[in-house]
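Note sheet for the following structure.
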Amino acid sequence: MALELFNDLTRRKELFTPIKEGEVTFYSCGPTVYDFFHIGNSRPFIVFDVLRRWLEYLGYKVTFVQNFTDIDDKMIKRANEEGITVKELAEKFIAEYYRDAKALGIRPPTVAPKATEHINEIIDTISKIIKNGHAYVSEGDVYFDVKSWPNYGSLCKQNLDDLEAGARVEPGEKKKDPLDFALWKAKKSGEPFWQSPWGEGRPGWHIECSAMSSKYLGENIDIHSGGVDLIFPHHENEAAQSEAASGNNKPFVNYWVHNGFLLIDNKKMSKSEGNFTTARAAMQKYPPMAIRFFMLSAHYRSPINFTPEALEQAANGVARLKNCIDDLNFASKSRVDNNSDFDIQIFEKELTDLKAKFTDAMNDDLNTAAAIGDLFGVVHLVNSSLKDNAALPEKFFELSKSAFDFYNDILGLPGQDENLSELDENEIENLITERTNARKAKNFKRSDEIRDFLKSKGITLEDTPQGTKWKLSVN
RNA sequence: GGCGGCAUAGCCAAGUGGUAAGGCAGAGGACUGCAAAUCCUUUAUCCCCAGUUCGAGUCUGGGUGCCGCCUCCA
């Protein structure tokens, strides 16, 4: 089975075929860097990170572009509040983006362009749209002429009249039609501005993605992703602009993929509801990998509900996975025996079957929920083998470890251990030795003291027939 | 009003018309000095009604309930 993706343009699952064989051009809408990104933002970052990894696994050379929006109303407002420049604000939260993204196992994009570093490209794009007759200048603003674009509404499946009914005109806007949207905004006092053929001003929101996508990926790209709420107006506008600028009658994007919303208490997260949480704050309450696991435990297009219970369940799921890998590594130190009568052939076949099921699930519109089910099939297989056999051949450990490496490469689970205890390994080992001696002497009071002390330092002990093993506690 | 989505065990969640994956939590058991981890056993007539079919969670129609977009928003 080959990869199928649900395309919002056709609202059907379609076989994925890239424009250029063996290569994928992939644009994903990135954050506006006026604050830490919130927990809802982290969903597309995580699920499309997995889509990118999966495409790479399938053998494509993936160019993954994710922008930083570093100039818009929110940026200006926040910078003024903080008494810093828009540029300083952007630099701060771009750094914070990378910090949070890394913790969540999100890989850096191939290219991460900033709007303010592409003003020339933006101006060029706007000029092309004007030249092609789909935009007009109005007192220093430039607007996209929606009525001139017959395809407008084809992505969000709305007709112009219905859209018109909900459209709003801001005071001071000089549009011909309420649906027209700004490509370029004339300078207002106190705002950053750039020179343009239409006077001093700054780019509108949607145009940066068109300009940067075209620069790094070409005028027609394979995949464009974002949250469902971006379908209208952002992506509808982007498509109109990009196609109006290229004038080549080819679709801007072949596959539009959108993630479902993350809800809090079954409601959309919003500041007015008071249910707004940054990813940073969430990671202080739950392990980052629990958040990643949670995001991948449902299909990316389904809505998911962010609740403490769900996150605790996810944390326990990650712990089960980590325990298995830890047990495997521990056993590989003392239980290797190539004369073991363990049936490695059957084991290898079961691993292969699970990998095939996993592959089918991933190819089926990135069904990570089903895929995680198969990953737990591996966990169970490895745990059972460890339980039932005192000694196992070297190949068992090689196959198991490479299987977990494979799943980790795709899903980013369980990720990497980084949070080290304040104790160093020697101290831990010494205490374990002392405890082992105490246990031999049946001094269980002392042995439990040591175990409790280590627990308080984030180290969990487990006694096994091969000795005591320790691990970092998962929260 | 227009467009769209969802409804599967206590909770989360897969599921291609042929008698319900997986995770979490719970119960019982094994193992353990006690734990922890792990293993074994155990927990669902798939929102309601009608229809199509030999057979429906899965298709059709009609309800009911919840959610999202149409406005800055992942």
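The structure displayed is predicted, hence computed values, not measured ones. We name chains A, B, ... by the order of the sequence lines, and we start the count at 1 in each one.
Within 4.0 Å of H299(A), counting heavy atoms only, lie sugar-phosphate atoms of the nucleic acid but no base atom. As judged by a 4.0 angstrom heavy-atom cut-off over every strand, F232(A) is placed among residues touching the sugar-phosphate backbone only. Among the heavy atoms of the strands lying under 4.0 Å from K74(A) are primed sugar atoms or P, OP1, OP2 only; no base atom is included. Using a 4.0 Å heavy-atom criterion, one finds that L386(A) contacts no nucleic acid atom at all. Among the heavy atoms of the strands lying under 4.0 Å from N259(A) is at least one base atom, whether or not backbone atoms are also near. Note on G226(A): only backbone sugar-phosphate atoms sit closer than 4.0 angstrom, heavy atoms only; bases stay farther off.
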*Quick one: what's the B/S/- string for nucleotides 20-32 of chain B, heavy-atom cutoff under 4.0 Å, read 5' to 3'?*
-BSBBS----B--

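Interface residues of residues 440-450 of chain A facing RNA chain B, ordered by number: F444(A), S447(A), D448(A); criterion, heavy-atom separation under 4.0 Å.
The number of heavy-atom neighbours closer than 6.0 Å to NZ of K357(A), taken from other residues, nucleotides and ligands shown, is 12 or below. Counted within 6.0 Å of CD on E425(A), heavy atoms from surrounding residues, nucleotides or ligands total 12 or fewer; the atom is thus considered open.
Ring pair F376(A)/F293(A) is perpendicular by interplanar angle, where above 60° counts as perpendicular and below 30° as parallel. Between H206(A) and H234(A), the ring planes lie tilted relative to each other; the angle falls in the 30° to 60° range.
For W470(A), the ring pair (Phe, Tyr, Trp, His ring centres under 6.0 Å) criterion is met by no residue, not counting sequence neighbours.
Computed from coordinates, the D35(A) CG to rA74(B) C1' distance equals 14 Å when rounded to whole Å.
Between the side chain of R451(A) and the base of rA36(B), no donor-acceptor pair of N or O atoms lies under 3.5 Å. On a pure distance criterion of 3.5 Å, no polar donor-acceptor pair joins the side chain of K267(A) and the base of rC67(B).
Considering every non-hydrogen atom in both Y98(A) and P108(A), the closest pair reads CE2-CB, 4.3 Å.
Taking the six-membered ring where the residue is Trp, the centroids of F45(A) and Y97(A) are separated by under 6.0 Å.
Residue S302(A) places at least one side-chain N or O under 4.0 Å from the OP1 or OP2 atom of rA14(B).
Closest approach to the F261(A) side chain among rA13(B), rG4(B), rA74(B) is made by rA74(B) (side chain taken as heavy atoms from C-beta onward). The listed nucleotides are rA14(B), rC73(B), rA74(B); the one nearest the side chain of P233(A) is rC73(B). Closest to the side chain of A298(A), out of rG33(B), rA14(B), rC40(B), is rA14(B).
At least one donor-acceptor pair closer than 3.5 Å links the side chain of E236(A) to the backbone N or O of L155(A). Of the possible donor and acceptor atoms, none in the side chain of N389(A) sits under 3.5 Å from a partner among the backbone N and O of A391(A).
Shown here, rU38(B) forms a base pair with rA30(B); the pair counts as Watson-Crick or G-U wobble because both key distances fall under 3.5 Å.
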